[in-house]
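To find a chain, count down the sequence lines: A is the first, B the second, and so on, and within it residues start at 1. Every value quoted in this text rests on a predicted model; they were computed, and no experiment measured them.
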2 protein chains.
Amino acid sequence: MNFQNLSQESLSQIAQRLRDHGYRVTPQRMAIVEALFASSHPTAEEIHQQISRRFPMVSLATVYKTLRVLTELGIARDLKIGERNRFDGNTDPHAHLICIRCGQITDFPLSSQGVALAEEVEPQGFQMLWYDLEIYGICRQCQAKKGSSPTL
Amino acid sequence: MNFQNLSQESLSQIAQRLRDHGYRVTPQRMAIVEALFASSHPTAEEIHQQISRRFPMVSLATVYKTLRVLTELGIARDLKIGERNRFDGNTDPHAHLICIRCGQITDFPLSSQGVALAEEVEPQGFQMLWYDLEIYGICRQCQAKKGSSPTL
DNA sequence: ATGCGTGCAAATTATTTGCACGCTT
DNA sequence: AAGCGTGCAAATAATTTGCACGCAT
């Protein structure tokens, strides 16, 4: 939805964030950051393929290593959807609408509910830090089509 | 919380459910079902170990195959928490409180919110079928201890 | 100049699958 | 009797790791 929002500005902010934490800013890393924001919830493999066009030398291992760094810094989130891990450049609190027919994953904003959740869980003595909400179902497009079969 | 609730009755109900769907009821399968309900969100490996005491011959492959059958029949749910898959015998709508210090996973009931979620998502044209809600944070016990380090 | 980040290939690990035999139906 | 379910071992696949060299600092 808002992947194009990643301006030159935020790219350099991320570069600065890497430097601030003692990480070096390399062309590979920035290419991976760009690819992360350029597609919706990509797998490591998908990021690798997308980068390969312009940077054919980048290895899949580097993609994995960089995604781990980005996740540690809170720039990316690590999602467990379907069989393979996916990565999310959107760190605002939100849910994922996952279509079990076509596999499409859509962000769905949820800021106020996040507060509500924290309040409900507090009485248990549990201190909420973050949450993952995956909503499985059938998207509008797939409801229209008739004879499609599940992919997830 | 409510693992002991699994009475002889519900075990035979599950056996019947297997038969009704054309699956055979074998000692291995029932041992796996019992193990699933006897522990909280076990991995396939954990189920296998627990069973091995009484049924040393049961293989890990059989555990995986059976868990797949149970999941298909809606008797178990397949959770993606941490690095390995876990299985949940509680199919009522609920969230998981996951402590990032000690790794403990606790069920948290959420029936009314489930309806609320479905209603919020409908306007998008999305038909919700089910959801997974994982709440990460620090449990009461770990808040008390001071110098513990994250495991997740 | 220093040493972190990279590519490569090998290692690790969870899960799946093929096959022949025995047990549930 | 028929064929599904099982154990075993091999196959698959995602992710991680070790190592030597070059590049960002």
- Task: Return the orientation label for the B:His41 and B:His96 ring planes: parallel under 30°, perpendicular over 60°, tilted otherwise.
- Result: perpendicular

- Item | Under 3.5 Å side-chain donor-acceptor pair for B:Gln104 and B:Gln141 | no

- Nearest heavy-atom pair of B:Cys142 and B:Cys99: which atoms, and what distance? SG-SG, 3.8 Å

- Item | Whole-Å gap separating P (C:dA14) and CD (B:Gln49) | 11 Å

- B:Lys80 bridged to B:Glu134 by N-O distance under 4.0 Å: no

- Spacing between B:His21 atom NE2 and D:dC4 atom P, to the nearest angstrom: 17 Å

- Between B:Leu36 and B:Ala76, the two heavy atoms sitting closest are CD2-CB, 3.8 Å

- Phosphate contact (D:dG5 OP1 or OP2) by B:Arg29 side-chain N/O below 4.0 Å: yes

- Item | Close side-chain approach of B:Leu117 to A:Leu133, heavy-atom, < 4.5 Å | yes

- Item | Nucleotide C:dG5, atom P - distance to CD of A:Glu72 in whole Å | 11 Å

- Message: Can you tell me if A:Arg68 touches the phosphate of D:dT16, counting only side-chain N or O atoms and a distance under 4.0 Å to OP1 or OP2?
- Response: yes

- Group every Ile, Leu, Val, Met, Phe, Trp and Tyr by side-chain heavy-atom contacts under 4.5 Å, then state whether A:Met30 and A:Phe37 land in the same group. yes

- Message: Please list, in numerical order, the residues of residues 56-67 of chain B that have a heavy atom closer than 4.0 Å to any atom of DNA chain C.
- Response: B:Ala61, B:Tyr64, B:Lys65

- Task: In whole angstrom, give the distance that lies between atom CG of B:Leu18 and atom P of D:dC4.
- Result: 15 Å

- Query: Quick one: A:Tyr23 OH to C:dG3 P, roughly how many Å, whole number?
  - Reply: 18 Å

- Item | A:Arg24 vs D:dT25: side-chain N/O to OP1/OP2 distance below 4.0 Å | no

- Hey, which of these two, B:Thr43 or B:Val25, hits DNA chain C nearer its 5' end, going by closest nucleotide? B:Thr43

- Are OP1 or OP2 of D:dC23 and a side-chain N or O of A:Thr26 less than 4.0 angstrom apart? no

- Message: If I take atom CZ in residue A:Arg86 and atom C1' in nucleotide D:dT15, what distance separates them, rounded to the nearest angstrom?
- Response: 16 Å

- Tell me what A:Gln28 touches on the nucleic acid: a base, only sugar-phosphate, or nothing, going by heavy atoms under 4.0 Å. sugar-phosphate

- Message: Can you measure B:Arg84 atom CZ to D:dA14 atom C1' for me and round it to whole angstrom units?
- Response: 14 Å

- Ignoring backbone atoms, establish whether B:Asn85 has a side-chain N or O less than 4.0 Å from OP1 or OP2 of C:dA14. no

- Message: Can you measure A:Glu83 atom CD to D:dT12 atom C1' for me and round it to whole angstrom units?
- Response: 13 Å

